[in-house]
Amino acid sequence: MIKKLFLLFLLLLQSCAFISYNQIVPLIKTATVGDDDVELSDEFIAQQSYSFIRVDLGKGANIIMVLQKINDGIYTWISNEGEKIITYNGKIIRTSGLIYNIDIINFKDFKYFSPSNNYSGIFNVMLKDPSAFIEQEFVISLIDEGENLLFEENMKVDVLNSSYSNYYWLDRKSGMPIKTKQKIHPMLPKLRIDFVYKY
Amino acid sequence: MRLIYYFLLLILTLSGQIFAGINDYIYPKSAYPSYSNSGTIGLIQMPSARMMPAGSIAFSWSDSDPYQRGSFIGTPFDWFEASYQYTDINNALYSLTPSFSGDQTYKDKSFDAKVLLFKETDYLPAIAAGVRDMAGTGVFSSEYLVASKKFGNIDFTFGLGWGAYSDNGMKNPLTRIDDNFEVRDVSENSTQGGEFNLGYFYSGKVGVFGGAEIYLPNLNGTRLKIEYDSTDYELEGFPYGEQSFNFAFENVRQPSSKINVGFVYPVFESFHLKLNYIKGHTLSFGFAFNANFGPKDPIIKKRDKHKKIINPKAYKEVTGESNDNLYRVSLMELNPRGFPVQDADVDGETLKIVYAQSKHRSWARSTGRVLRVLDDIAPEKITKFEISNINGGLGTYTAKVNRSDFSNNKQDNLYKLAVKNIELSEFEYNPDEFEFSPRAEMPALFQSIVPTFRTQFGGPDGFFFGNLRLDYKGELLLSKSLSIKTAISQGIANNFGELKLKSDSVLPHVRTDIVQYLKQGTGLTVNHLQLDKFLKPAKSFYAKASLGLFEQMFGGVGGEILYRPFNADWAIGAELWKVKQREYDQLFQFRDYETLTGHINFFYKEPRTQVLIMLKGGRFLAEDSGIHFDFSRRFKSGARMGIFFAQTDISEFEFGEGSFDKGFYFFIPVETFFDKYSKGSAGFGLRPLTRDGAAFLRHRNTLYGVTDQAQAHTINRDWDDIYD
């Protein structure tokens with residue numbers, strides 16, 4: 001009969017699992033979760049006054065962040081609630097106000113996403129919440145030259161025994177990032193970002 | 001020796017240099033220790049000195065043949081763990097009478113407790129002492145003294161065990177203090193169960209146990225456990241079948257090894273799965289779910305922010321023109337935010353507002369939100385606010401606030417500066433003193449329909465019985481101080497048909513006819529229908545008169561009075577009820593039994609720890625007299641956990657199995673699971689046995705609850721919420 005209690009508890013856990021999911025997935029407090037997916041329709045894009053990104057957190061959670069400023073190639077995107085994602089050539093180099101944040105200290109040491117370069121290096125990354133310093137080895141390669149340029153960034157973090165790949169789609173003409181899929185923090189799933197420029 | 005060698009080799013291999021910070025990523029989901037098969041924090045079978053944070057409530061379940069064990073574990077303090085164990089013993093029957101309990105196996109209920117004696121330091125281990133099966137039948141009776149020390153990613157535990165933990169035991173070192181520790185004579189101290197027997201604690205031979213919980217790197221927080229088990233399996237449970245206990249039908253398989261190994265996999269930080277290999281031949285598994293309700297917003301962060309005033313400048317211009325404008329704008333902006341204005345007045349530079357609210361459990365937050373609105377709409381000539389609250393027509397508190405203190409510190413949430421000069425006092429409510437008193441639409445009806453679940457588990461008829469129901473809950477306010485509260489319930493599905501246990505109580509069956517109430521109340525029932533009139537006859541005195549169907553089993557007439565000085569931490573009250581037992585169908589008929597019951601109630605809340613001590617002394621429903629003790633602790637999240645027990649003038653025989661009334665409970669705020677604030681709580685209480693002794697009337701709207709905010713410490717404890 002204890003098994004019945006076990007089943008009942010499992011039922012309760014269904015809701016608990018949802019709670020934990022909520023804790024983990026919406027790294028952005030204002031994320032839209034579930035059916036209210038923000039669709040990048042022509043109408044929606046036309047309605048926006050400023051350049052923006054749609055950040056997809058997976059499992060239907062996504063958010064719109066607008067371009068706050070551009071400074072020396074560094075783009076600052078801000079949400080309604082003040083959370084920020086800062087990108088450099090499409091790569092997220094800093095975040096603030098999220099549940100988990102990062103800061104790539106030496107991002108300017110590398111010039112990447114040029115069709116001519118396939119190279120490697122080490123990013124010095126400060127993970128926040130909780131704070132820890134890690135070194136991320138990377139190898140960038142151009143893997144597709146179709147309508148857009150597709151770069152693959154193979155990442156390796158020895159101390160965490162983890163490796164993964166990030167992807168960046170760049171517009172062939174302008175060289176501007178139009179879409180990325182990247183993992184920024186060990187506690188977060190991979191983010192997909194769509195870039196829409198209004199200038 | 002070879003085994004020890006391999007063990008040490010394994011530990012050396014797995015232990016690594018630890019770097020602060022990065023550890024959180026190498027060993028994620030490792031904030032909490034894990035639970036043993038015994039249902040308390042520990043290794044595999046053995047306990048450790050580790051504790052959960054204060055405010056933790058956990059459920060642990062394990063299957064380790066011949067036992068299946070479900071445990072509720074509460075940690076009211078970071079130095080005290082209490083647990084209630086419910087063990088299904090598979091090698092014994094519930095009884096030898098099939099017509100009574102069918103083929104149901106034996107169920108054992110027991111309480112365990114552990115106290116942290118010494119916190120871990122850089123060089124010294126944490127030390128804890130614990131007692132297992134302290135108020136049950138004693139089949140798992142054991143005590144221990146245990147030390148735990150973490151080196152790198154390995155948490156070592158070493159302990160001494162008495163009773164069932166004393167295999168290969170040595171002489172008890174406590175005999176140096178007293179010879180009585182030499183022999184453990186449980187039978188000399190035994191009762192029919194349910195008593196706390198201290199007589200044989202820490203006596204008899206002593207076993208030695210130890211082991212380690214090894215946090216494995218980069219494996220998502222997985223832990224390896226290894227232990228030397230000092231359980232004497234010839235003492236625990238019913239090892240030799242019928243020879244040990246006449247309900248037992250087969251022997252327990254004795255161990256072929258004293259080394260147990262296992263893995264713990266944290267699915268989430270708070271949900272662990274475990275798989276163990278114990279006794280050299282048995283695979284065991286289980287899970288544990290732990291939630292820490294200690295901090296504010298422990299599970300879901302709130303998104304229920306204050307709704308800002310759109311154009312404060314325009315409002316200030318309008319409200320500056322006349323006091324009437326100020327009253328009306330206050331009403332217009334506060335009511336939709338859930339703070340209906342009851343009265344308002346301007347006295348020189350002070351704006352006085354009387355409000356009510358039923359959404360926020362933090363009175364500092366509700367006061368702060370009212371202040372935010374007033375600060376945005378009141379003209380600059382207003383330099384002070386007086387915010388007062390009423391509940392059930394009873395004046396509770398007044399907060400006098402300097403406007404500049406509140407507004408200047410709002411931006412940076414400097415709440416300590418903001419509240420430094422706030423004066424709190426008791427509110428003597430007199431509507432005639434206010435220039436503006438908007439007419440409330442009376443009667444006002446508040447209603448909801450919610451699913452509910454009636455349960456009964458652990459009885460001889462079967463382990464679990466349930467009734468899924470739909471409840472209509474309504475509150476009709478006839479005036480500010482006169483209300484009718486009701487819950488009408490309709491059963492949807494149940495398995496109560498198999499319930500058959502009848503009361504064997506020699507006392508009036510004030511509670512033990514529960515099976516009749518459950519079985520005959522599966523359809524439409526009136527759970528309660530209570531008319532309340534609240535009064536405040538003098539300063540700090542509160543009174544309530546009530547009439548109706550108070551609870552599932554009793555209805556009648558009565559009332560209570562409470563003296564609760566505003567700046568005190570205590571309150572004292574009295575209640576008297578003339579009640580009659582309700583019919584089992586829980587509609588409007590009564591049975592023959594009627595009685596006069598009443599108590600003197602004393603409350604003391606220790607403000608720092610938020611521990612509430614409640615004593616209820618008087619005549620109980622079965623006409624026994626005595627005292628009910630209740631100790632509970634409230635946490636910042638609003639969760640509360642407590643224990644209770646009672647002693648009355650009836651004998652152990654008259655009380656029946658269990659010897660005296662006792663149990664535990666916890667309340668979890670519903671808002672914990674949502675991103676919006678609300679005042680409701682989900683409660684769970686458990687007493688090992690339902691008996692008639694020490695039973696008291698359960699009525700709605702107790703004065704101590706209704707006047708919670710009529711004491712300064714209730715508001716002071718939450719000032720950090722003022723800008724929420």
Side-chain angles (χ1 to χ4, degrees), chain A residues 1-33 79-83 97-100 102 124-136 156-163 183-188, chain B residues 16 19-29 31 59-63 67-70 86-88 90 94 102-105 107 217-220 267-271 286-291 298-303 305 453 455 457-459 461-466 495 672-675:
Chain A
M1 283 302 196
I2 285 185
K3 290 182 188 79
K4 289 185 181 175
L5 186 64
F6 174 58
L7 287 173
L8 183 71
F9 191 76
L10 281 184
L11 281 173
L12 288 173
L13 274 183
Q14 293 299 313
S15 50
C16 297
F18 169 73
I19 288 158
S20 296
Y21 164 82
N22 251 349
Q23 277 183 305
I24 294 161
V25 175
L27 77 166
I28 297 165
K29 288 171 236 160
T30 49
T32 312
V33 180
S79 76
N80 239 353
E81 296 289 318
E83 295 102 339
L98 313 187
I99 292 175
Y100 303 110
I102 60 142
N124 297 327
V125 183
M126 197 67 204
L127 302 175
K128 295 173 183 176
D129 319 299
S131 296
F133 176 79
I134 57 168
E135 291 184 336
Q136 289 179 331
K156 196 171 160 214
V157 185
D158 281 339
V159 70
L160 300 180
N161 194 27
S162 73
S163 55
K183 187 172 177 66
I184 62 166
H185 194 284
M187 304 258 193
L188 292 173
Chain B
F19 303 96
I22 195 66
N23 242 5
D24 295 314
Y25 296 94
I26 299 173
Y27 308 104
K29 306 173 195 169
F59 177 78
S60 165
W61 184 87
S62 68
D63 182 319
Y67 309 119
Q68 287 180 314
R69 182 174 286 122
Y86 209 100
T87 309
D88 185 12
N90 290 333
Y94 199 106
D103 59 356
Q104 194 185 176
T105 46
K107 304 293 184 294
N218 296 317
L219 281 173
N220 206 27
V267 181
F268 306 115
E269 186 77 82
S270 53
F271 180 56
F287 66 84
F289 178 76
N290 175 73
I299 295 179
I300 299 283
K301 295 279 178 216
K302 298 289 172 288
R303 296 182 192 174
K305 291 185 175 175
F453 202 48
T455 58
F457 61 92
D461 312 319
F463 181 74
F464 181 81
F465 293 97
N495 64 343
T672 306
F673 303 101
F674 297 93
D675 61 4

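So you know, we letter chains A, B, ... as the sequences are listed, proteins then strands, and number each from 1. Just so you know, these numbers use all the heavy atoms, side chains as well, and skip hydrogens, waters and symmetry mates.
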Other residues, nucleotides, ligands: >12 heavy atoms within 6.0 Å of A/Lys156 NZ: no
Donor-acceptor check, side chain of B/Tyr25 to backbone of A/Met187, threshold 3.5 angstrom: yes or no? no
Give a yes or no on this: more than 12 heavy atoms of other residues, nucleotides or ligands lie within 6.0 Å of atom NZ of B/Lys302. yes
Just so I know, are the side chains of B/Leu219 and A/Asn161 near enough to count as touching, which here means a heavy-atom distance under 4.5 Å? no
On a heavy-atom basis, which atom in B/Gly21 and which in A/Ala132 lie closest, and how many Å separate them? C-CB, 3.5 Å
Side chain from CB out, backbone as N, CA, C, O: work out which of these in B/Lys29 comes under 4.5 Å of a heavy atom of chain A, or both, or neither. neither
Applying ring pair (Phe, Tyr, Trp, His ring centres under 6.0 Å), name anything that partners B/Tyr67, two or more places apart in sequence or on another chain. B/Phe140
